[in-house]
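Proteins come first, then strands; the chains are lettered A, B, ... in the order of their sequence lines, and each starts at number 1.
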Amino acid sequence: MNILENMPSPGDFKVTATDGAARSGILHTAHGAVRTPIFMPVGTVGSVKAIAPDDLDALGAEIILGNTYHLYLRPGDELVARRGGLHGFNAWDKPILTDSGGYQVFSLSELRKIREEGVEFRSHLDGSKHLFTPEKVVDIQLNLNSDIMMVLDECVPYGADHDYTAKSIGLTTRWAVRSLDYYSGIRRANLMFAITQGGTFTDLRTESIRQLSEYDFDGFAIGGLSVGEPKAEMYALMAHTAPLLPAGKPRYLMGVGTPYDIVKGISMGIDMFDCVLPTRNARNGTLYTSLGKINIKRKEYAEDDGPLDPACSCYTCRTFSRAYLRHLYTSGELLSYRLNSLHNLTYFLDLVRGAREAVENGRFAAFMAKVAAAYPDEAAL
RNA sequence: GGUGGGGUUCCCGAGUGGCCAAAGGGAACAGACUGUAAAUCUGUCGUCGGACGACUUCGGUGGUUCAAAUCCACCCCCCACCA
């Protein structure tokens, strides 16, 4: 028999276990496979802030994010291409997913204009104008050589009305189709994911998925959540949306979320997550633990000699006291960013790994109950 | 000893008759952060009261004035330069 027949190729995705709606699986990319459910640390400008690739490896990170908009502006995607793509440039040799700039349509809304053709940004760095078409965004991501390219989309802000959102999902679909058409002419090993939208409207969420799932993307994302809506509403939208996404492809909830959000998403059958919370909050003193959220700057920790999280085996928790971590934060020491980020990423990565193992062992409900106990406010919603 | 400058709420520091419980910064305390314009941002920051407000405060004591952190007198302390 032919060995090649059994060799997985980039884009192959297989669900290997389920427990209720929750599932675990494996996704193959040009830089190796990732086991789902997965949490992807965010490294917008090509670096997971305060953390080196060898640390990421040690934490068990399997895939990280980069951003099209940021890397295009600086240092430039062609410069990165000349250095062997993002992997060659930043010395991370495992999979990389790049966001398209669609989130910047939302977060930098003051600095952009949306047209049928694409989005025109005024650079947040120097004010210069740049037109991001769906095709250009593919080219940039090919230069970065990301393993998973996201199509350009419009991330609709919370509060957008039905009429606006309905028009927006049409635009997002047309952009997605243009991206796929353009890429099919140059198809390489890079995967391409579509992004569904629809704001807070279940009918539009359904319609966006209906339109996009007609096309052969390598995965489907839920976009436009956690943009200011009440958390209960986000959960309701997740619950509505997740089961509608094609079951045979990876399902990616973009930008979400807190530990409980992620476990909740897994319970609904979502496979992939990314979020800046563990790294940003680490730098701002909020640490996630098996005991819940800890604000390490609080005075009550000033003479607390215990570990940050007694259940955590990361370098930070093995080595330092809460009192020391508080001191580092309070003093603005650079080590604070590193140790805090190391811990928060460990917590998120361990959490999702634990969820995957729970699914594989048919014990997901019990696992989720434990996480809910640490985050009762969110679990109550 | 002389001359000049200065002592303001935890710190630095503005304020030189009423608009001053007193700018601004820092510290402190608390909060936020979800496909990163974020090592960022917000709130509190004399005491008591929910608020309107009441009370105490600008080195000390006394005085001028309807009114003083701000003007006057004396005293205490600090700094610079000169002897």
Peer 1: Provide, to the nearest angstrom, the distance between the NZ atom belonging to A/K299 and the P atom belonging to B/C45.
Peer 2: 19 Å
Peer 1: Report which part of the nucleic acid A/T286 touches: base, sugar-phosphate, or nothing (heavy-atom distance under 4.0 Å, all strands).
Peer 2: base
Peer 1: Please determine whether a side-chain nitrogen of the Lys or Arg among A/K249 and A/D271 lies less than 4.0 Å from a carboxylate oxygen of the Asp or Glu.
Peer 2: no
Peer 1: When you compare B/C11 with B/A80, how far apart are their C1' atoms, in angstrom units rounded to a whole number?
Peer 2: 23 Å
Peer 1: Looking only at atom C1', what distance separates B/A69 and B/G53, rounded to whole Å?
Peer 2: 23 Å
Peer 1: Now, which nucleotide makes the Watson-Crick or G-U wobble pair with B/C41, with each of the two distances under 3.5 Å?
Peer 2: B/G31
Peer 1: Only counting residues at least two apart or in another chain, list the ones meeting salt bridge (Lys or Arg N to Asp or Glu O under 4.0 Å) with A/E333.
Peer 2: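 Testing A/E333 for salt bridge (Lys or Arg N to Asp or Glu O under 4.0 Å), a comparison that skips the adjacent residues, returns none.
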Peer 1: Walk me through it: do A/Q141 and A/D77 pass the test side-chain hydrogen bond (donor to acceptor under 3.5 Å, both in side chains)?
Peer 2: CA-CA 8 Å; A/Q141 292 180 97; A/D77 53 295; over 6 Å; no
Peer 1: Taking atom C1' in both B/U34 and B/A23, what distance in whole Å separates the two?
Peer 2: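 Between the two C1' atoms, the distance is 38 Å.
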Peer 1: A/R326 near the nucleic acid: base, sugar-phosphate alone, or nothing, with a heavy-atom cut-off under 4.0 Å?
Peer 2: sugar-phosphate
Peer 1: Considering every strand shown, what is the Watson-Crick or G-U wobble mate of B/A69 when both distances are under 3.5 Å?
Peer 2: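 Answer to the pairing question: none, since B/A69 forms no Watson-Crick or G-U pair.
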Peer 1: Tell me the side-chain hydrogen bond (donor to acceptor under 3.5 Å, both in side chains) pairs involving residues 184-194 of chain A, sequence neighbours left out?
Peer 2: A/R187-A/D218
Peer 1: Could you let me know what B/U3 is paired to, Watson-Crick or G-U wobble, both distances under 3.5 Å, or none if it's on its own?
Peer 2: B/A80
Peer 1: What's the gap between B/G59 and B/U70 when it is taken at their P atoms, as a whole Å value?
Peer 2: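 These two P atoms come out 8 Å apart once rounded.
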Peer 1: Given the P atoms of B/A21 and B/C45, what is the spacing between them in whole Å?
Peer 2: 15 Å
Peer 1: How would nucleotides 34-43 of chain B be written as a contact map, 5' to 3', with B for base contact, S for sugar-phosphate-only contact and - for no contact, using protein heavy atoms under 4.0 Å?
Peer 2: BBBBBBB---
Peer 1: Which nucleotide, in any strand shown, forms a Watson-Crick or G-U wobble pair with B/G24, with both distances under 3.5 Å?
Peer 2: B/C12
Peer 1: Could you state the interatomic distance from CG (A/L325) to CG (A/D304), rounded to the nearest 0.5 Å?
Peer 2: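 Here the rounded value is 10.0 Å.
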Peer 1: If you look at every strand shown and take non-hydrogen atoms under 4.0 Å, does A/T330 touch a base, only sugar-phosphate, or nothing?
Peer 2: sugar-phosphate
Peer 1: Between B/G7 and B/C58, how far apart are the C1' atoms? Round to whole Å, please.
Peer 2: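 Comparing C1' positions in B/C58 and B/G7 gives a spacing of 10 Å.
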Peer 1: With sequence neighbours excluded, tell me which residues meet side chain to side chain donor-acceptor pair (under 3.5 Å) with A/Y164.
Peer 2: A/E154
Peer 1: When the P atoms of B/G46 and B/U57 are compared, how many Å lie between them, rounded to an integer?
Peer 2: 16 Å
Peer 1: With sequence neighbours excluded, give me every side-chain hydrogen bond (donor to acceptor under 3.5 Å, both in side chains) pair touching residues 223-238 of chain A.
Peer 2: A/Y158-A/E233, A/K231-A/D261, A/K231-A/E378, A/Y235-A/D261
Peer 1: Expressed in whole Å, how much space separates the C1' atoms belonging to B/A68 and B/U16?
Peer 2: 11 Å
Peer 1: Rounded to whole angstrom units, what separation is found between the CZ atom of A/R298 and the C1' atom of B/A28?
Peer 2: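 In whole Å, B/A28 C1' and A/R298 CZ are 14 Å from each other.
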Peer 1: Sort out the partner of B/A51 for me: Watson-Crick or G-U wobble, both distances under 3.5 Å, none otherwise.
Peer 2: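 Pairing partner, where one exists within any strand: none, as none qualifies.
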Peer 1: Can you list every ring pair (Phe, Tyr, Trp, His ring centres under 6.0 Å) pair that touches residues 265-306 of chain A, not counting sequence neighbours?
Peer 2: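 Every pair satisfying ring pair (Phe, Tyr, Trp, His ring centres under 6.0 Å) with a residue in residues 265-306 of chain A: A/Y288-A/F348.
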